[in-house]
Protein chains: 2
Amino acid sequence: MTERDGGRRDLAAMLSQVMRALGAVELPVLDAHGVSMWGYVVLTALRESPVRTQAALAEAIGADKTRIIGTLDELQEAGLIVRERDPADRRARLLSITEEGREVHSSTQADIQEKENRLLAMLPPDDRRGFLNAIEAMSALPREDIVAMAEPPGGGARR
Amino acid sequence: MTERDGGRRDLAAMLSQVMRALGAVELPVLDAHGVSMWGYVVLTALRESPVRTQAALAEAIGADKTRIIGTLDELQEAGLIVRERDPADRRARLLSITEEGREVHSSTQADIQEKENRLLAMLPPDDRRGFLNAIEAMSALPREDIVAMAEPPGGGARR
DNA sequence: TATTGTTATACTCTATAACTATA
DNA sequence: TATAGTTATAGAGTATAACAATA
């Protein structure tokens with residue numbers, strides 16, 4: 001009845017619906033912990049390792065270098081990150097997360113993943129495992145690899 | 001090595017990366033067929049069945065009623081949809097897809113899904129099946145159901 | 001008075017360009 | 001002159017408010 005003549009809906013359409021729902025689920029959590037979406041993304045990136053320049057951080061999280069400045073200001077103001085001038089090159093700002101930033105990140109992430117897990121619990125175990133494996137695999141690929149992979153074999157040949 | 005101490009990355013983070021890549025893959029296809037993203041979404045919705053008001057269509061695709069007007073103008077101009085006044089209520093505009101609209105939609109969708117399938121082909125069959133089952137199940141749920149599902153049991157009780 | 005569609009306005013987000021300071 | 005960071009400006013996308021036609 002809700003099936004459609006053998007076809008399936010477009011991947012992007014389905015994923016964007018899921019994304020919107022996830023946004024509705026997770027934004028209140030971020031609010032409760034006092035971090036913005038981009039702030040959380042920055043903390044997630046810095047949790048792995050410090051970064052030597054803001055441009056590199058922006059690149060790493062898929063943002064523009066001008067776009068994250070306000071976010072960095074807020075995080076610094078809140079004591080969640082530190083920005084120090086690189087003594088070797090006083091133009092650059094060494095970015096790192098503070099202990100407090102680590103705590104805020106991990107408590108926020110715990111809440112987020114707890115909700116995500118409750119959502120995933122609705123799925124049959126096999127589907128849940130396949131779903132996680134799949135998005136982990138796909139999201140690990142550089143975007144250009146994905147774009148290339150979607151092209152017909154030998155397709156789009158330059159000449 | 002690329003694994004992280006037992007944890008997993010956030011669902012929303014992974015999904016948004018995949019979404020961006022999908023956008024890069026699919027936008028050129030839409031361009032090639034001369035339809036905008038929202039135009040394609042509208043055609044997809046009208047392909048199922050006609051709609052009696054623009055507000056209802058907007059609601060159905062998760063958009064604002066003022067937001068789709070330009071899109072409807074373009075689609076009508078291109079002869080892909082028709083907008084007729086409802087004789088029974090001359091305020092309303094009956095929306096339906098034309099034969100040409102159907103053709104544009106189905107050729108566009110064929111190209112899109114062909115690329116999506118090439119992408120999915122990178123996955124082991126079990127993961128692919130689980131992934132598709134999972135997003136079909138989750139995207140079929142109304143957003144408020146998903147939000148409610150993510151809450152702790154009995155959580156957020158009103159009184 | 002309420003509703004459908006439209007237009008006008010404002011607001012948010014993002015990208016581009018111009019500027020400062022270092023090198 | 002080139003680069004890191006910042007600020008200023010402009011553009012897209014979206015939402016809100018006001019409006020005209022119809023009920």
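Side chains are part of it too, since the values below use all heavy atoms of this structure and drop only hydrogens, waters and symmetry mates. By convention in this document, chain letters (A, B, ...) are assigned in the order of the sequence lines, proteins followed by strands, and residues within each chain are numbered from 1.
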Under the salt bridge (charged side-chain N to carboxylate O under 4.0 Å, His left out) test, which residues partner B/Glu26, sequence neighbours left out?
none

What pairs with A/Arg20 under salt bridge (charged side-chain N to carboxylate O under 4.0 Å, His left out), at least two apart in sequence or on another chain?
none

What one-letter contact string describes nucleotides 14-23 of chain D from 5' to 3', where B marks a base within less than 4.0 Å of any protein heavy atom, S marks contact via sugar-phosphate atoms alone, and - marks no contact?
SSBB---BBS

CD1 of B/Ile68 versus C1' of C/dG5: gap in Å, rounded?
10 Å

Grab the CD-P distance between A/Glu74 and D/dT6 for me, whole Å please.
14 Å

Starting at atom CG of A/Leu72, determine the distance to atom C1' of D/dG5, rounded to an integer number of angstrom.
11 Å

Gap between atoms CD and P, on A/Gln54 and C/dA21 respectively (whole Å):
17 Å

Round to a whole Å and report the spacing from CD of A/Glu59 to P of C/dA15.
13 Å

Got more than 12 heavy atoms from elsewhere within 6.0 Å of CZ, A/Arg129?
no

Rounding to an integer number of Å, can you tell me how far A/Leu95 CG sits from D/dA4 C1'?
11 Å

Side-chain N or O of A/Arg83 less than 4.0 angstrom from OP1 or OP2 on D/dT6?
yes

Linking Ile, Leu, Val, Met, Phe, Trp and Tyr through side-chain heavy atoms less than 4.5 Å apart, which residues share a cluster with A/Met37?
A/Leu27, A/Val29, A/Leu30, A/Val35, A/Trp38, A/Tyr40, A/Val41, A/Val42, A/Leu43, A/Leu46, A/Val51, A/Leu57, A/Ile61, A/Ile68, A/Leu72, A/Leu75, A/Leu80, A/Ile81, A/Leu95, A/Ile97, A/Val104, A/Ile112

Please name all residues satisfying salt bridge (charged side-chain N to carboxylate O under 4.0 Å, His left out) with B/Arg118, sequence neighbours left out, ordered by chain then number.
B/Glu114

Write down the distance between CG (A/Leu57) and P (D/dA4), rounded to a whole number of angstrom.
14 Å

What side chain to side chain donor-acceptor pair (under 3.5 Å) pairs are there with at least one residue in residues 50-64 of chain B, not counting sequence neighbours?
B/Arg52-B/Asp86, B/Gln54-B/Arg83, B/Asp64-B/Thr66

Quick one: B/Ile61 CD1 to D/dG13 C1', roughly how many Å, whole number?
15 Å

